[in-house]
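The structure displayed is predicted, hence computed values, not measured ones. The analysis underlying the following values was restricted to heavy atoms, covering all of them including side chains, and did not include hydrogens, waters or symmetry mates. Sequence lines set the chain letters: A, B, ... in the order given, protein chains first and strands last, and positions in each chain run from 1.
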2 protein chains.
Amino acid sequence: MNGQFQIAVHILTLLNQEPGELIASEYIAGSININPVLVRKEIRNLRNYGLITSKEGKAGGYSLGRSPEKITLGDVYKAVYSNPALGQAKNLPNPDCPVGRQINQHLNELAADVESAIFKQLNTITLADFSLKFK
Amino acid sequence: MNGQFQIAVHILTLLNQEPGELIASEYIAGSININPVLVRKEIRNLRNYGLITSKEGKAGGYSLGRSPEKITLGDVYKAVYSNPALGQAKNLPNPDCPVGRQINQHLNELAADVESAIFKQLNTITLADFSLKFK
DNA sequence: TGTACTGTAACATTTTTAATTACAGATGAA
DNA sequence: TTCATCTGTAATTAAAAATGTTACAGTACA
């Protein structure tokens, strides 16, 4: 997997530091130490999930889409989630082999169980909880 | 992440189908539909964890390193585990930012919690359990 | 109307993953 | 003893994915 989740949590943590204020992508990028365009890209995604709101134009920027008590790290994972935690096999197993024929189905069920264990864990932590660590 | 876990489980499942017999990398590669050298590479890794034994030379091949009741999918995950489930940020956050300064530490703790949730889930399933699905 | 932002496309670069080739070494059988 | 069939592994190439960069249109405010 990639660093999207970390970036997303970092962004949200920053926004939560200055409630009500609008923060620019340049500032955020400076804290994470990545390119501002990447920040804006990730924010586009998080905004689609309602986790962030944005304002264009001069003195524009970003702020939380809802209160940090109502954002769990599971929500973030869901927004960012593209690659399953167990990885994804891209080969097509041999359909003439009894194992190859059905293994993908079983691996997918397994992946689903693991995902749900991850959500269960991450949903216990809100952004508010996480941000407390920075006080 | 990549498809290593799936490949590892596929290999082990195949080996468990023919207890006691030696199976060649070519056959395994044919079922998974990948290159035999990749199979041997992954097996080298699994062998380091005691999950597989191998025999060189003519009529050589691979078999399980211990009974399938004693191999959990958590063992497999551990052997394959290189990339954490949440991904890994490769940027160095800005040390002059209160958030950037300490976020990696907190993200790592978070990652550890998630890993342990994954293990908890995967350790409930043995290779024997998983193989039952193919009968 | 200029300035400071976001939004996004297009492209380049870097990193990671997978495939391929090649061959040495082991083992067993003719 | 020598041939065939396997593993073990290094080295290289090719393909895919992630990340970085550049460029610029659009929006909002002063």
Spacing of [X] atom [atom1] relative to [N] atom [atom2], expressed in whole Å:
X: A/Gln4; N: D/dT19; atom1: CD; atom2: C1'; result: 11 Å
X: B/Ile23; N: D/dT7; atom1: CD1; atom2: P; result: 11 Å
X: B/Leu22; N: C/dA26; atom1: CG; atom2: P; result: 18 Å
X: A/Glu26; N: C/dA4; atom1: CD; atom2: C1'; result: 11 Å
X: A/Tyr62; N: D/dA28; atom1: OH; atom2: C1'; result: 14 Å
X: B/Ile34; N: D/dA16; atom1: CD1; atom2: C1'; result: 16 Å
X: B/Phe5; N: C/dT17; atom1: CZ; atom2: P; result: 17 Å

Would you jot down, in residue-number order, the residues of residues 41-50 of chain B having a non-hydrogen atom under 4.0 Å from DNA chain C? B/Lys41
Quick one, A/His106 with A/Gln102, criterion side chain to side chain donor-acceptor pair (under 3.5 Å). Give me CA distance, side-chain angles, the key distance, then yes/no. CA-CA 7 Å; A/His106 299 312; A/Gln102 44 177 328; 3.2 Å; yes
Test item: side-chain donor near acceptor, B/Asp113 and B/Ser116, under 3.5 Å: no
Where the side chain of [X] is concerned, which of [options] is the nearest nucleotide?
X: A/Arg40; options: C/dG7, C/dA26, C/dA9; answer: C/dG7
X: B/Leu38; options: D/dT27, C/dA19, C/dA22; answer: C/dA19
X: B/Lys55; options: C/dT27, D/dG20, C/dA19; answer: C/dT27
X: A/Glu56; options: D/dG26, C/dA19, D/dG8; answer: D/dG26
X: B/Lys58; options: D/dT5, D/dG26, D/dT21; answer: D/dT5

Under 4.0 Å between a side-chain N or O of A/Ser25 and OP1 or OP2 of C/dT6? yes
Ignoring backbone atoms, establish whether B/Asn35 has a side-chain N or O less than 4.0 Å from OP1 or OP2 of C/dT20. yes
Would you find a donor on one side and an acceptor on the other, under 3.5 Å apart, between the side chain of B/Asp129 and the backbone of B/Thr126? yes
Test side chain to side chain donor-acceptor pair (under 3.5 Å) applied to B/Glu115 and B/Tyr77, step by step: CA-CA 10 Å; B/Glu115 289 302 322; B/Tyr77 185 80; 3.0 Å; yes
Taking distance alone, no hydrogens or angles, what donor-acceptor pairs closer than 3.5 Å link side-chain atoms of residues 62-69 of chain B to residues at least two apart or in another chain?
unit_1: B/Ser63; atom_1: OG; unit_2: B/Thr53; atom_2: OG1; d: 3.1
unit_1: B/Arg66; atom_1: NE; unit_2: B/Lys70; atom_2: O; d: 2.8
unit_1: B/Arg66; atom_1: NH2; unit_2: B/Lys70; atom_2: O; d: 3.3
unit_1: B/Arg66; atom_1: NH2; unit_2: B/Asp75; atom_2: OD2; d: 3.2
unit_1: B/Ser67; atom_1: OG; unit_2: B/Glu69; atom_2: OE1; d: 3.3

